Amino acid sequence: MKEDLLTLPLTSTPLLAVVYGVALVLAVLVAWPPRRGRRAADTAADPSPRRWWRRVLLAAVVGAALGALASWVLGDLLDVAGVPPTWVDRTWFSGVLAAVAVAVAALVRTSAAKRVVAGLGVVVFVTAGALAINRDAGAYPTLAEALGESTIAPLSWSESAAGSAPGALDPQLYASWTPPADMPAHGRYGTVHIPGTVSGFPARDAVVWLPPAALVADPPPLPVVVMMSGQPASPEAVVTAGGLVTTLEAYAAADHGLAPIAVVPDQLSADDHNPMCVDGALGNSATYVTTDVVDYVTSHYRVATGPRAWAIGGFSQGGTCSIQFGSARPDLFGSIVDVSGEVGPSLGSVEQTVADGFAGDRAAYDAAQPQAIMAAHAPYADTAAFFAVGGGDPTFGAAMAANSSAAEAAGMHVTRWVSPGTGHDWTTATRGFAVGIGDLYPRWGLSASALSPADPSTTPAATATPAASHGGS
């Protein structure tokens, strides 16, 4: 029962249809004039229909205005989410507060039954609005994600290619590779604990996906893609909300089991914590990803060596981290997938970021900006940088334009891609990951040309096999 509730799909159309339908019925019942009782006491309690409709209309107008004001204050003025509200957010804010205001008005001088319906209506109206805004953002696909509960089991030791020595990247592996008889139809994924041995960083468990080609008795050295979530989020969000495993499974199915090994480390340490992918007072996040994570992956899986075989990517804050790490460490990462990243590491205002993240050292803050890093390391000999953003996301679109132009000027091979009709949300992340990773297939030697999620051969939602619930890595 608990498992069923935790996996409840919060963005599914049937669920939303039911909630919206209940909300609509309750809205009608709440707004409808109460029946006036025959007794004098009932008549005094229930207003006339004309007075009632005036009350409902006034409450709705006031509530809608308060909703519009709240979305502006919270989203634009205080920037609590880090991105401006979409028109969906603003519409639902106004609509929900209008409905709640009418429900509150229905609590005054009405029957007990009307008050019960109004109280239930408040709960359902808020729930409907929250589900609608969540679906627009694609933030929490399941109840487990919303509650911060893990639904991904550990990746057991026997399911990894532990102990295999790294090898050189084969630039034409797709031509020489013949899937052996023992290759499974699908990859496997699960959580692993990557300790902060050098950094001391208190990271949460990472998620690792191994393609079918990595699960054979003698796997070839495979490329690696390190992907990071936005903030607030956990590594699991890249799989559940960002569709990473689904994307890679589809690509592997279309390419004889070949795909990069995917690693999703925790560069945050907590949902509400942002160490900005630097080493500092908020944690040594940079050393964790570039040293501890790289060392762990290299020692545990059969991976290809050299920067051309390794890509770093992410969404939002994770996208910012990817351009930071990719531009600062071209010796490690030869490719970058920056989806909706910021111009640079930020905790809000420049003053707050310098004070809290860099101990008041403005020079350190300036040096940590991706454009400064790129200028210092230019020219780049062999770095490919893929930038993606939602078509309805002007804020992060401006960041993409600035950083991609700087990358181009620094000698990187730059690709820009815009997701049509999406904003700063996980739909953009899902699409951006798919297109960006597909573009890297020829560079990794996994195919002769780029793979695309729009191709019929890559669109089927191939199903990955989760790790068994026993054992750990």
Side-chain angles (χ1 to χ4, degrees), residues 169 223-231 238 242 244 260-268 275-279 284-295 297-298 303-346 367-389 396 399-417 429 432-433 435-441 443-444:
L169 179 70
V224 178
V225 58
V226 179
M227 302 298 290
M228 294 167 286
S229 72
Q231 191 272 333
V238 175
L244 181 65
I261 292 172
V263 183
V264 188
D266 177 27
Q267 83 281 9
L268 300 173
M276 300 183 295
C277 286
V278 298
D279 288 344
N284 296 330
S285 180
T287 296
Y288 177 70
V289 174
T290 60
T291 300
D292 292 323
V293 171
V294 171
D295 288 350
V297 173
T298 302
V303 300
T305 57
R308 180 171 271 257
W310 284 66
I312 185 87
F315 168 61
S316 194
Q317 192 268 359
T320 314
C321 293
S322 71
I323 190 64
Q324 288 173 247
F325 294 149
S327 58
R329 295 297 307 271
D331 58 315
L332 287 180
F333 305 109
S335 303
I336 301 164
V337 179
D338 179 354
V339 180
S340 301
E342 304 160 283
V343 173
S346 174
Q369 301 306 304
Q371 292 178 41
I373 298 172
M374 287 185 276
H377 285 76
Y380 289 85
D382 185 29
T383 297
F386 175 88
F387 294 88
V389 73
F396 286 79
M400 183 187 84
N403 279 346
S404 64
S405 295
E408 209 163 38
M412 295 185 188
H413 176 75
V414 171
T415 302
R416 301 175 181 87
W417 185 80
F433 292 166
V435 177
I437 292 172
D439 271 4
L440 292 174
Y441 259 61
R443 183 173 172 83
W444 286 328

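This structure is a prediction, so every number in the text was calculated from the model and none was measured.
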Quick check: does any side chain N or O of Asp338 sit under 3.5 Å from a backbone N or O of Gly341, one acting as donor and the other as acceptor?
->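 Indeed, once roles are kept as given, a pair shorter than 3.5 Å links the two residues.
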
May I ask you to decide if Glu342's main-chain N or O and Thr320's side chain share a donor-acceptor pair within less than 3.5 Å?
->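 Answer holds: yes.
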
Go through Val294 and Val226 one step at a time and tell me if the side-chain contact (heavy atoms from CB on, under 4.5 Å) criterion holds.
-> CA-CA 9 Å; Val294 171; Val226 179; 5.9 Å; no

Just how far is it from atom [atom1] of [X] to atom [atom2] of [Y], taken to the nearest 0.5 Å?
X	Y	atom1	atom2	result
Cys277	Gln324	SG	CD	5.5 Å
Met227	Phe315	CE	CZ	11.0 Å
Ser285	Asp292	OG	CG	10.5 Å
Asp279	Thr290	CG	OG1	7.0 Å
Met412	Phe387	CE	CZ	7.0 Å
Arg443	Leu169	CZ	CG	9.5 Å

Can you name the nearest heavy-atom pair linking [X] to [Y], along with the distance?
X	Y	result
Ser327	Pro330	O-CD, 3.6 Å
Leu440	Ser335	CD2-OG, 3.6 Å
Val293	Pro265	CG2-CB, 3.7 Å
Met276	Pro345	CB-CB, 3.7 Å

Scan side-chain atoms only and decide if Gln267 and Gln231 contain a donor-acceptor pair under the 3.5 Å cut-off.
->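 No, no side-chain donor-acceptor contact under 3.5 Å.
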
Pairs involving residues 368-378, ordered by first then second residue, that meet side chain to side chain donor-acceptor pair (under 3.5 Å) (sequence neighbours left out) |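 Listed by first then second residue: Gln371-Asn403.
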
Check whether any side-chain heavy atom of Pro260 sits under 4.5 Å from a side-chain heavy atom of Val224, and report yes or no.
->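 Result no, sub-4.5 Å side-chain heavy-atom pair not found.
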
Identified side chain to side chain contact (heavy atoms under 4.5 Å, CB included) partner of Val225 from the options Trp444, Phe333, Trp310, Phe433 | Trp444

With sequence neighbours left out, write down each residue that passes ring pair (Phe, Tyr, Trp, His ring centres under 6.0 Å) with Phe325, or none if nothing qualifies.
-> none

